[in-house]
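Below you'll find the structure, written out as structure tokens, and then a few comments.
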Amino acid sequence: METIPLIPPFNLQTALQKVQLAEDAWNSQDPLRIALAYTLDSEWRNRDTFINGREEIVKFLEKKWKKELNYRLKKELWSFHDNRIAVRFEYEYQNIQSQWFRAYGNENWEFDEDGLMRKRYASINDLAIHETERRLRC
């Protein structure tokens, strides 16, 4: 079976694969694994936080998962064109006080010629939920 390289320009198949790989990586909660998908000088906006480079990405994610417990994420392809992909996502987590949340949002991704993400802009909103309202399970 021939493997299609996941580099721009994206088609429907490669865009869907990129989204699934990102979902799988984030659900691993392994900051080092996740950071390898980004350029060394990648730019992020995550809510009101601006992050630059793999080193900052790793630190951000380590801190994130100390506060967001039992994390589970689902991403959906929204749109793609050339070297850009837009996704819609939701994830659920529990804070250290045991309150459950569902976070919704959109991400805009831009990739370099090697298929590494050089820009990630995320807009995210949180909603407190009861455990019985959870939709995403490990």
Practice task
Check step by step if side-chain contact (heavy atoms from CB on, under 4.5 Å) holds for Ile124 and Tyr104.
Solution key: CA-CA 6 Å; Ile124 307 167; Tyr104 299 92; over 6 Å; no
Out of curiosity, does [Y] fall in the hydrophobic cluster containing [X] (side-chain heavy atoms, cut-off under 4.5 Å, transitive links)?
X	Y	answer
Val19	Leu12	yes
Tyr91	Tyr121	no
Val87	Leu116	no
Phe60	Phe89	yes
Ile34	Leu73	yes

Examine [X] together with [Y] and report whether their ring centres are nearer than 6.0 Å.
X	Y	answer
Phe80	Phe10	no
Tyr38	Trp44	yes
Tyr71	Trp65	yes

Going by atom types alone, do [X] and [Y] pair a side-chain donor with an acceptor below 3.5 Å?
X	Y	value
Ser123	Arg47	no
Gln97	Asn95	yes
Thr14	Asn11	yes

Distance-only, no hydrogens or angles: does the [X] side chain make a donor-acceptor pair with backbone N or O of [Y] under 3.5 Å?
X	Y	answer
Asn83	Phe111	yes
Glu133	Ile129	no
Ser28	Ala25	yes

Practice task
Would you name the heavy atoms of Ile85 and Ala15 that are closest together and state the gap between them?
Solution key: CD1-CA, 3.9 Å
Are the side chains of [X] and [Y] in touch, meaning some heavy atoms are under 4.5 Å apart?
X	Y	answer
Glu113	Ile7	no
Glu62	Val58	yes
Asn70	Tyr93	no

Spacing of [atom1] belonging to [X] relative to [atom2] belonging to [Y], to within rounding of 0.5 Å:
X	Y	atom1	atom2	value
Glu110	Lys119	CD	NZ	5.0 Å
Glu68	Leu61	CD	CG	10.0 Å
Leu32	Ile57	CG	CD1	11.0 Å
Leu6	Gln17	CG	CD	5.0 Å
Gln99	Leu69	CD	CG	12.5 Å
Lys59	Arg54	NZ	CZ	15.0 Å

Practice task
Would you indicate whether Trp78, at its atom CH2, is surrounded by more than 12 heavy atoms from other residues, nucleotides or ligands within a distance under 6.0 Å?
Solution key: no
Exercise for the section: Report the C-alpha distance between Arg33 and Asp24 in whole Å, list the side-chain angles of each, state the deciding distance to 0.1 Å, and finish with yes or no for side-chain contact (heavy atoms from CB on, under 4.5 Å). Expected result: CA-CA 10 Å; Arg33 174 182 171 188; Asp24 293 346; 3.9 Å; yes
So does [X] pair up with [Y], basic N to acidic O under 4.0 Å?
X	Y	result
Glu43	Arg118	no
Arg88	Glu107	no
Arg137	Glu92	no

Practice task
Validate the cation-pi geometry between Arg84 and Trp109: distance from NZ or CZ to the six-membered ring centre under 6.0 Å, angle to the ring axis within 45°.
Solution key: no
Handout entry: Full working for side-chain contact (heavy atoms from CB on, under 4.5 Å) between Glu90 and Arg135
Key = CA-CA 10 Å; Glu90 65 181 318; Arg135 294 193 295 229; 2.5 Å; yes
Problem - Full working for side-chain contact (heavy atoms from CB on, under 4.5 Å) between Arg72 and Asn27 - result: CA-CA 6 Å; Arg72 186 69 180 164; Asn27 279 326; 3.5 Å; yes
Exercise for the section: Show the numbers, then the answer: is there a side-chain hydrogen bond (donor to acceptor under 3.5 Å, both in side chains) between Asn46 and Arg120? Expected result: CA-CA 8 Å; Asn46 196 86; Arg120 175 188 172 266; 2.9 Å; yes
